[in-house]
Number of protein chains: 4
Amino acid sequence: MSVTVREAVFRLLRQFGIDTIFGNPGSTELPMYRDFPADFRYVLGLQESVVVAMADGFAQARGGAAFVNLHSAIGVGHAAGSLFTAYRNQSALVVTAGQQARSILPFEPFLYSAEAPNLPRPYVKWSSEPARAEDVPAAIARAFFTALQPPRGPTFVSIPVDDWERTCLPLPAREVASRVAGDPTLLARAAAMLSAAQRPVLVAGASVARDQAWDDLIALAEHHKAPVWVSPLSSRNSFPERHPLFAGFLPADREQLVARLAGHDLVVVLGAPVFTYHVEGHGPHVPEGAALVQLTDDAAAAARAPVGLAIVTDLALGIRALLAGEAPARPDPQRRAPAAPLPADRLTDSYLLQQIAALRPAGSVVVEEAPSSRGAMQARLPMLERDSFYTCASATPTAAGRPWPSPPLAHV
Amino acid sequence: MSVTVREAVFRLLRQFGIDTIFGNPGSTELPMYRDFPADFRYVLGLQESVVVAMADGFAQARGGAAFVNLHSAIGVGHAAGSLFTAYRNQSALVVTAGQQARSILPFEPFLYSAEAPNLPRPYVKWSSEPARAEDVPAAIARAFFTALQPPRGPTFVSIPVDDWERTCLPLPAREVASRVAGDPTLLARAAAMLSAAQRPVLVAGASVARDQAWDDLIALAEHHKAPVWVSPLSSRNSFPERHPLFAGFLPADREQLVARLAGHDLVVVLGAPVFTYHVEGHGPHVPEGAALVQLTDDAAAAARAPVGLAIVTDLALGIRALLAGEAPARPDPQRRAPAAPLPADRLTDSYLLQQIAALRPAGSVVVEEAPSSRGAMQARLPMLERDSFYTCASATPTAAGRPWPSPPLAHV
Amino acid sequence: MSVTVREAVFRLLRQFGIDTIFGNPGSTELPMYRDFPADFRYVLGLQESVVVAMADGFAQARGGAAFVNLHSAIGVGHAAGSLFTAYRNQSALVVTAGQQARSILPFEPFLYSAEAPNLPRPYVKWSSEPARAEDVPAAIARAFFTALQPPRGPTFVSIPVDDWERTCLPLPAREVASRVAGDPTLLARAAAMLSAAQRPVLVAGASVARDQAWDDLIALAEHHKAPVWVSPLSSRNSFPERHPLFAGFLPADREQLVARLAGHDLVVVLGAPVFTYHVEGHGPHVPEGAALVQLTDDAAAAARAPVGLAIVTDLALGIRALLAGEAPARPDPQRRAPAAPLPADRLTDSYLLQQIAALRPAGSVVVEEAPSSRGAMQARLPMLERDSFYTCASATPTAAGRPWPSPPLAHV
Amino acid sequence: MSVTVREAVFRLLRQFGIDTIFGNPGSTELPMYRDFPADFRYVLGLQESVVVAMADGFAQARGGAAFVNLHSAIGVGHAAGSLFTAYRNQSALVVTAGQQARSILPFEPFLYSAEAPNLPRPYVKWSSEPARAEDVPAAIARAFFTALQPPRGPTFVSIPVDDWERTCLPLPAREVASRVAGDPTLLARAAAMLSAAQRPVLVAGASVARDQAWDDLIALAEHHKAPVWVSPLSSRNSFPERHPLFAGFLPADREQLVARLAGHDLVVVLGAPVFTYHVEGHGPHVPEGAALVQLTDDAAAAARAPVGLAIVTDLALGIRALLAGEAPARPDPQRRAPAAPLPADRLTDSYLLQQIAALRPAGSVVVEEAPSSRGAMQARLPMLERDSFYTCASATPTAAGRPWPSPPLAHV
């Protein structure tokens with residue numbers, strides 16, 4: 001009944017719905033690929049920062065975890081920048097890497113990964129080199145479940161090259177919750193604050209998209225006639241950018257951000273930190289007199305927020321709980337005027353993005369890797385559909401072989 | 001409007017309801033205590049492992065976080081064993097320690113703590129030495145909120161000695177959720193599994209006590225006529241040990257544990273790992289044919305469980321959700337026979353504990369620090385009331401000056 | 001008398017003889033480059049693994065330390081693979097990276113590097129984010145001295161973006177030893193062992209080249225008529241590969257390596273680990289009955305060697321000490337037969353390398369980044385001059401703008 | 001020919017001259033002690049901070065390495081403060097600790113040490129949990145050699161409980177250099193600076209004692225008629241404190257220290273940092289116009305010194321090299337006046353120490369663990385013989401059962 005570690009791992013991958021392996025293998029990974037099963041595909045990247053970035057986009061678009069296999073210390077090293085981005089993107093990545101054979105580790109051989117679990121830190125949620133070959137499948141299972149727990153993020157398992165041919169028992173299928181609901185008492189209080197507010201405003205972050213709360217957010221905004229801003233530098237699109245309640249993109253600058261929110265007495269941040277800045281700033285984090293409520297799937301973002309009431313919750317469950325609050329009569333907020341079209345007299349990034357917006361097919365997806373043109377993109381290339389905007393580092397998920405079911409890709 | 005860092009920190013401590021500081025100070029901590037406010041008490045321990053153990057018991061008994069101040073590298077070092085225990089006990093401890101003055105750190109002075117945030121790792125949930133004096137209060141606030149998030153545990157802030165006299169703005173009060181509810185879909189499924197089971201059994205761990213789910217667990221056990229075992233090496237008492245449904249204490253040995261659970265078709269683990277072993281074992285983790293459901297406030301315990309369905313949740317909220325399931329007619333489980341009384345012919349630990357049980361006043365509390373007599377204690381000194389049993393390392397909370405409101409303490 | 005941190009750092013760089021900065025800057029590094037001094041050049045790489053690889057080659061070729069400036073967490077991440085290689089190459093690299101402004105670090109801003117000193121670990125010898133802006137120059141000085149101490153390797157300093165405009169005192173010039181001599185008693189014993197040996201053999205590693213002991217090694221080999229093997233996977237050339245005593249390249253395979261050394265009664269390893277393996281192996285590490293002496297500048301390589309007498313020393317000083325031993329009369333060792341020339345009938349890597357060998361100008365330098373063709377290179381492209389072979393990861397030092405004084409570069 | 005891991009480890013310990021094990025064992029260490037060999041003694045400490053402090057004193061007094069065995073995570077935790085002290089004392093300690101059985105590590109059992117090699121960091125020089133049972137002896141050997149390399153310090157090996165009964169090959173005896181000589185060029189320059197100085201002064205630190213350079217330092221001081229100060233907070237006695245050239249103890253305060261050294265044109269620091277401060281200070285680190293030379297066995301202390309020429313060397317070898325410089329005619333420095341005797345009218349620490357000085361037998365040893373009485377001790381209890389003063393944390397080496405050959409112990 002016992003099987004090879006390799007067989008146990010592939011069975012496990014199937015249990016997690018994995019049929020794609022992103023990687024760039026070397027000698028310490030090859031035994032994993034002996035008799036490579038026909039129901040898997042291998043997506044090769046020739047530099048590991050690209051490999052992980054592809055997997056990052058794939059995981060975001062698929063909604064589950066992606067599986068990555070890298071080459072020992074050097075491959076994990078090359079990937080560390082993209083691991084940082086995936087960590088910030090809250091992408092569920094299970095990253096594995098080869099290690100030299102256990103018997104020669106004391107001699108620190110060529111390709112030896114010293115303190116392998118420490119190498120990808122601090123940008124992994126969990127990291128391990130199992131003490132025995134037969135524990136590799138369970139470590140990978142734990143890596144999957146951990147990567148998928150909120151807040152999602154990368155995990156790492158280092159696997160000595162001689163482990164794959166050892167035998168072990170296959171793992172039973174099991175299930176681990178990958179979302180939590182907010183504390184009902186606090187959610188009720190937040191709902192009451194929203195009901196009592198004169199001029200509430202919503203700020204939407206990437207977790208709204210990650211937790212599939214697109215419709216819930218629209219419902220909440222409309223219920224309360226609250227304008228919706230996008231949180232600074234959000235890596236996903238969470239609200240239709242031509243909706244009458246769409247207010248625009250908050251800048252990553254404290255004073256400017258507070259100025260945008262001026263006049264509101266309650267700021268409800270949904271699925272974002274409070275706040276992601278990019279430049280130094282001073283003074284308060286919210287307009288004077290305004291209260292703040294944050295719903296987030298990231299306990300660390302809750303703990304470090306400078307102001308307000310923070311509730312850790314799945315965003316879909318959390319927003320639905322807020323919808324239970326009554327909405328008083330409120331005036332319609334002022335509608336945001338769209339930018340005037342640019343004439344075709346100069347090829348600027350703004351013009352280019354405007355034309356892409358005009359020509360892109362419905363259902364197409366935009367992957368951004370040009371933060372310096374983010375402003376132009378926000379102004380000219382509106383996201384109108386759910387799950388149509390992703391931020392990845394260094395690479396595009398197209399190479400991953402259609403993670404998105406079918407629609408064409410507009411890569412910027 | 002700006003205040004000293006010291007003043008800002010004491011204001012913050014008051015916001016968190018802290019009136020007690022556990023510590024053992026040295027030169028690098030003294031400026032914190034200038035003009036020590038009259039509404040605080042300082043509980044001195046002469047060795048830091050004792051200081052942290054006192055605070056651990058205090059936090060467990062109080063139900064919130066305890067605040068600790070240690071002496072630079074040497075004090076944190078002495079405390080590291082008790083930090084391990086507090087981490088395992090899921091006690092919310094905010095541990096601070098002095099550091100030499102910022103201006104002389106490059107010369108690695110006497111008492112210098114090199115890489116101070118790394119020293120207490122891996123047994124802290126979060127660790128920091130703020131980049132500026134004025135960020136110390138916010139770091140301590142984050143340390144509190146993080147320590148209180150599930151699973152609770154220690155956090156650490158290193159504070160250079162010259163920071164206390166610097167000025168900063170006082171922090172606004174804020175609130176951060178310290179519990180989450182389980183995914184309602186999975187909880188409903190678990191409730192249905194419980195309803196469908198022929199012979200379910202409950203295994204109760206320390207988080208039932210920590211999350212104040214004592215009554216909820218009794219209700220669930222009675223609703224389903226399910227016997228209740230205590231999970232191996234539980235650090236708290238979670239079920240009345242003379243209740244007709246009380247089944248006993250599971251051993252930390254895989255084969256023996258599975259034997260105890262034989263005959264059940266569903267094992268519901270509430271607030272405990274699956275399972276805490278102490279010796280090597282082999283074979284399955286549950287009886288053949290049995291399913292397992294785990295409710296836990298510890299996402300890591302969920303991710304690494306070897307079998308079953310794991311749901312991350314506050315235990316009180318989770319158990320209440322399970323109570324929604326219907327209970328079929330089931331026979332009364334066999335009642336556990338209490339041990340026959342020991343005659344007064346020899347002074348053994350069992351006899352001693354039997355006499356303590358006979359003589360202890362109602363409402364007294366037992367703090368255990370003798371794992372080798374745990375078996376005797378379980379047999380002879382039953383816990384009948386909620387929150388009457390605590391495991392601490394190396395020290396007893398009595399020294400902390402009545403963390404427990406009034407009842408006498410039976411310290412074993 | 002006080003200057004900006006930027007001015008102090010550039011003065012310091014001049015003290016270390018630095019006139020070249022390798023980097024890929026972003027917003028968090030820009031203040032460093034305000035009024036960029038005319039006596040420095042900036043070598044831009046568009047991906048950080050290339051930046052560090054260039055600096056690695058530059059440091060190797062120059063013989064001192066190279067200075068690198070990267071972009072915050074993402075840049076250090078991208079560079080981590082090349083840092084691994086530089087660490088293994090024992091290249092003295094001082095790597096700096098930007099960090100967000102100190103005042104906004106508590107909000108974990110965009111580009112924030114969490115636990116910045118931990119990110120490049122374990123492949124840096126020392127890592128720091130100074131507690132104050134004014135300590136940045138001293139941290140960089142320490143990073144230089146540490147990088148240059150044996151065994152050389154990368155060091156890291158994280159620099160908040162707002163530090164560059166602060167003021168500080170310029171640092172005095174100082175000098176720190178960058179080599180040590182071996183214990184004279186042990187070196188004398190090693191010299192006596194060499195004199196007493198019947199058939200000694202030398203194994204030369206990269207530190208012979210790094211410590212400029214090329215002539216010393218030739219003298220030692222000729223003095224004792226001892227054949228010279230190159231240690232497995234050596235990253236530098238340390239002995240003329242057409243010298244009559246040149247024996248060839250040891251394989252990174254234990255059994256094969258021992259077979260090559262069969263018949264010798266003393267193995268003297270100079271400037272290399274004992275031994276760098278690439279595949280699993282079994283049995284002894286030296287031929288039966290043979291003794292082993294290792295001279296190394298790497299204390300860790302000494303501590304972990306599986307057999308023999310290990311002496312930590314600068315290789316030039318160490319080999320000179322060995323030369324003090326008398327050489328008994330010994331027969332000339334058998335001369336290695338060169339490979340027969342390949343005909344021009346197929347374009348293989350071997351043929352290509354043979355033609356490069358035939359056509360390369362004197363004084364040209366070979367940079368290897370193709371380990372899978374290392375065998376062909378060893379067979380067909382012999383290194384005849386000192387300092388003509390370097391191993392770098394992912395990139396060639398050509399881009400660094402002539403680190404080598406003048407001769408042409410043959411890049412393989 | 002293969003033996004159990006236990007047998008291989010005891011053979012190895014004998015090779016290192018170890019006959020004493022300091023420890024406090026628990027269940028995870030017991031298999032190590034099965035059939036405990038009669039030629040070893042076990043020194044039990046009931047709290048691990050004491051265990052390590054005893055071993056620290058033992059290692060200092062013996063001059064080699066001491067061997068420690070602790071109980072899993074909790075024991076290593078309790079010991080971490082004393083590890084800090086041993087690290088600062090540069091004591092060669094090989095610390096081992098139990099770990100749970102490899103097969104149950106995935107379940108994070110009771111006593112489980114998570115990331116075991118990270119727990120004692122940063123106060124160990126090397127730390128490992130071997131990948132296989134059969135690699136434990138080699139890891140311990142490496143731990144010994146590393147602990148003994150300059151600068152000496154603690155190392156750590158984590159050993160799963162089931163490893164002791166496995167089989168492996170015994171390790172061959174080998175030898176690794178545990179000292180290095182300074183760069184001869186730089187030492188010659190330093191000697192020349194000393195010869196050219198008008199009024200040189202020597203500052204002696206603990207490494208003079210550690211490297212057994214007592215006689216060499218006396219010779220150097222007398223050769224150059226240079227007064228000798230003790231470096232701030234030195235943990236060992238390095239110069240006879242009634243010698244005519246003995247100048248006193250430097251304070252750990254920058255301005256005061258510089259005032260003590262005023263008038264000298266060359267400061268030669270031997271075996272100490274430049275300098276160990278305890279309070280903030282400002283201004284220069286040496287008197288205006290004075291040059292500084294540092295000889296140290298600690299490369300980190302060399303790299304971070306704020307001024308001067310730093311040479312990494314064994315102190316005995318280094319001081320002998322300095323003795324090669326000619327000494328010009330110089331006036332005798334002023335002799336330090338001893339403190340007037342205290343009358344027997346009050347029992348102060350000064351009086352007590354004065355009486356101890358009067359009554360202590362020749363050859364007795366003083367172990368200090370009261371830094372706040374260090375001043376009184378320096379004034380009243382002079383060290384006249386080599387190796388008679390040690391600083392340890394929290395405990396005295398007496399408990400270790402006579403590490404010192406025979407003389408009585410005066411413990412303060």
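Order of the sequence lines sets the chain letters (A, B, ...), proteins ahead of strands, with each chain counted from 1. All figures in this text were calculated on a predicted structure; none of them were measured in a lab.
Among C:His278, C:His282, C:His285, the residue with the largest count of heavy-atom pairs under 4.5 Å with chain A is C:His278. Contact count versus chain C (heavy atoms, under 4.5 Å) is highest, among A:Ala79, A:Ser103, A:Pro371, A:Ser113, for A:Ser103.
In this structure, A:Gly77 and C:Ala80 approach most closely via the heavy-atom pair O-CB, 3.4 Å. Minimum interatomic distance between C:Phe84 and A:Tyr112 (heavy atoms only, all atoms of both residues): CE1-O, 3.5 Å. Nearest heavy-atom pair, C:Glu280 versus A:Ala101, reported as atom, atom and distance to 0.1 Å: CG-CB, 3.2 Å.
At a 4.5 Å heavy-atom cutoff, the contact between A:Gln100 and chain C is made by side-chain atoms alone. With a 4.5 Å cut-off on non-hydrogen atoms, C:Ala114 touches chain A through its backbone and its side chain both. Heavy atoms of A:Phe110 lying under 4.5 Å from chain C belong to its backbone as well as its side chain. C:Val279 touches chain A through its backbone: at least one of N, CA, C or O sits under 4.5 Å from a heavy atom, while the side chain does not. In this structure, chain A has a heavy atom under 4.5 Å from the side chain of C:Ser27, while its backbone stays farther away.
Applying a 4.5 Å heavy-atom cutoff, the residues of residues 116-126 of chain A that approach chain C are A:Asn118, A:Leu119, A:Arg121, A:Pro122, A:Tyr123. Within residues 296-308 of chain A, the residues having any heavy atom less than 4.5 Å from a heavy atom of chain C are, in residue-number order, A:Arg304, A:Pro306.
Counting only heavy atoms from C-beta outward, the side chains of C:Pro273 and A:Glu108 never approach each other to under 4.5 Å. Residues A:Ser49 and C:Glu48 have side chains not in contact (no heavy-atom distance under 4.5 Å, counting atoms from C-beta outward).
Take A:Arg88 and apply the salt bridge (charged side-chain N to carboxylate O under 4.0 Å, His left out) test, not counting sequence neighbours, and it matches no residue.
Judged as a salt bridge (Lys or Arg N to Asp or Glu O under 4.0 Å), not a single pair has a partner in residues 251-260 of chain C (not counting sequence neighbours).
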